[in-house]
A.B. asks: 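My questions all concern the structure below.
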Amino acid sequence: MKNSLSASLADCQSQRDHRKIKIHRVGVKGLRYPIEVRDKNFESQHTVATVSLLVDLPHHFKGTHMSRFVEVLNAHGRMVHVCNVFSIVHELQKKLHAETAHVIMEFPYFIEKIAPVTGSKGLVDYQVRFEAAAYLDETDFVMWVTVPVTTLCPCSKAISDRGAHNQRGYVSVAIRFVQTIWIEDVIEMVEASASSPIYSLLKRPDEKYVTELAFDNPVFVEDLVRNVALRLNANQDILWYRVEAENMESIHNHAAYACVEKELET
């Protein structure tokens with residue numbers, strides 16, 4: 001009954017289009033979906049992703065079948081990692097008769113941080129983005145991790161009799177890799193490159209420690225991206241990276257920005 005009803009309904013998307021313009025990406029965006037992500041310390045953690053599912057559309061088709069995108073996502077369950085995200089991409093190619101397909105997932109990822117002196121525990125959230133794509137038989141995967149840090153200005157420290165201005169900075173790292181790189185490892189590299197890490201819970205002894213730590217480790221935004229790049233260069237499994245840093249300046253009404261990118265070897 002269900003199939004016969006579907007057969008009797010008009011399929012407008014499959015009608016021919018005569019404008020002869022190929023659409024490079026079409027699909028669904030902003031789909032919120034519960035997922036499980038592989039966690040270095042606890043095997044997996046539950047979070048909620050904002051998902052985009054996209055394919056190309058040949059010039060002779062009027063439209064794509066939007067419901068099929070959600071069907072493909074639902075069929076693959078909630079566990080997401082580097083290996084099974086490609087099964088979603090390939091299924092999109094097959095289900096929608098596409099040459100190219102893209103799956104983009106953005107989600108908060110939580111790590112328990114321990115305060116440096118008192119040992120107080122609190123969760124810090126980091127923004128993560130998975131970008132998986134297939135072009136015919138070729139595949140590509142990029143992982144983005146955005147890490148909040150503290151930065152203290154070297155110039156301000158050098159010229160001031162008392163104190164130095166500091167601010168929260170955000171470092172976004174995109175990487176392509178051979179062997180899986182843990183989200184936690186990227187965060188650790190970024191935090192080690194800044195003046196001080198960010199914590200959610202600090203008691204007074206901890207606040208004194210991180211304030212003095214930042215004062216002893218001043219970095220310009222240029223230093224920040226270079227420090228991260230050095231650590232990424234030391235990892236043989238990383239094929240390509242892009243590091244962006246933005247300091248939300250505390251004494252200016254603008255942000256300071258720097259970017260460094262490693263060319264992808266062919």
A.B. asks: Quick one: list whatever passes ring-ring contact (aromatic ring centres under 6.0 Å, His included) with Tyr135, sequence neighbours left out.
C.D. replies: His102
A.B. asks: Is a donor on one side and an acceptor on the other found under 3.5 Å between the side chain of Ser172 and the backbone of Thr146?
C.D. replies: no
A.B. asks: Could you list the residues that satisfy ring-ring contact (aromatic ring centres under 6.0 Å, His included) with Phe107, not counting sequence neighbours?
C.D. replies: Phe130
A.B. asks: Counting N and O atoms only, with roles assigned by atom type, does the side chain of Asp206 sit under 3.5 Å from a partner on the main chain of Lys203, one being a donor and the other an acceptor?
C.D. replies: yes
A.B. asks: Where the side chain of Lys113 meets the backbone of Ile198, is there a donor-acceptor pair that is under 3.5 Å apart?
C.D. replies: yes
A.B. asks: Does His165 have any ring-ring contact (aromatic ring centres under 6.0 Å, His included) partners at least two apart in sequence or in another chain, and if so, which?
C.D. replies: none
A.B. asks: Under 3.5 Å, which donor-acceptor pairs do the side chains of residues 92-99 form with other protein atoms, sequence neighbours left out?
C.D. replies:
from: Gln93; atom 1: OE1; to: His90; atom 2: ND1; distance (Å): 3.0
from: Gln93; atom 1: NE2; to: Glu99; atom 2: O; distance (Å): 2.8
from: Gln93; atom 1: NE2; to: Leu136; atom 2: O; distance (Å): 3.1

A.B. asks: I'd like to know whether Lys121 forms a side chain to side chain contact (heavy atoms under 4.5 Å, CB included) with Ile114, so could you lay out the CA-CA distance, the side-chain angles of the two residues, the decisive distance to 0.1 Å, and finally the verdict.
C.D. replies: CA-CA 5 Å; Lys121 297 179 181 180; Ile114 300 175; 4.2 Å; yes
A.B. asks: If you measure from the Lys or Arg side-chain nitrogens to the Asp or Glu carboxylate oxygens, is any gap between Arg226 and Glu222 under 4.0 Å?
C.D. replies: no
A.B. asks: Find the distance between OG1 (Thr151) and CG (Asn166) and round it off to the nearest 0.5 Å.
C.D. replies: 7.0 Å
A.B. asks: Identify, with sequence neighbours excluded, every residue that meets salt bridge (Lys or Arg N to Asp or Glu O under 4.0 Å) alongside Asp140.
C.D. replies: Arg176
A.B. asks: If you round to the nearest 0.5 Å, how far is CZ of Arg129 from CE of Met143?
C.D. replies: 13.5 Å
A.B. asks: Pick out which of Asn233, Leu232, Ile175, Leu239 makes a side-chain contact (heavy atoms from CB on, under 4.5 Å) with Lys262.
C.D. replies: Asn233
A.B. asks: Sort out for me which residue in Val171, Val173, Val124, Val145 forms a side-chain contact (heavy atoms from CB on, under 4.5 Å) with Ile187.
C.D. replies: Val145
A.B. asks: Could you list the cluster mates of Tyr209? Members are the ILVMFWY residues connected by side-chain heavy atoms closer than 4.5 Å, either directly or through other members.
C.D. replies: Val117, Tyr199, Leu202, Val210, Leu213
A.B. asks: When Ile, Leu, Val, Met, Phe, Trp and Tyr are grouped by side-chain heavy atoms lying under 4.5 Å apart, directly or through other members, which residues fall in the same group as Ile251?
C.D. replies: none
A.B. asks: Hydrophobic cluster mates of Phe110, side-chain heavy atoms under 4.5 angstrom, ILVMFWY only, any path?
C.D. replies: Leu123
A.B. asks: Applying ring pair (Phe, Tyr, Trp, His ring centres under 6.0 Å), which residue pairs with at least one partner in residues 218-252 are found, sequence neighbours left out?
C.D. replies: His252-His254
A.B. asks: Should Val221 and Tyr257 count as side-chain neighbours, where that means a heavy-atom distance under 4.5 Å?
C.D. replies: no
A.B. asks: For Asp185, give me all partners under salt bridge (Lys or Arg N to Asp or Glu O under 4.0 Å), at least two apart in sequence or on another chain.
C.D. replies: Lys40
A.B. asks: Taking atom CD of Glu188 as the centre, report whether more than 12 heavy atoms of other residues, nucleotides or ligands fall under 6.0 Å from it.
C.D. replies: no
A.B. asks: Would you check if Val55 and Val26 make a side-chain contact, meaning some heavy-atom pair closer than 4.5 Å?
C.D. replies: yes
A.B. asks: Would you say Thr47's side chain and Pro108's backbone share a donor-acceptor pair under 3.5 angstrom?
C.D. replies: yes
A.B. asks: Going by the rule salt bridge (Lys or Arg N to Asp or Glu O under 4.0 Å), which residues pair with Glu261 if we only count those two or more places apart in sequence or in a different chain?
C.D. replies: Arg242
A.B. asks: In the hydrophobic cluster built from side-chain contacts under 4.5 Å, what are the other members alongside Met248?
C.D. replies: Tyr170
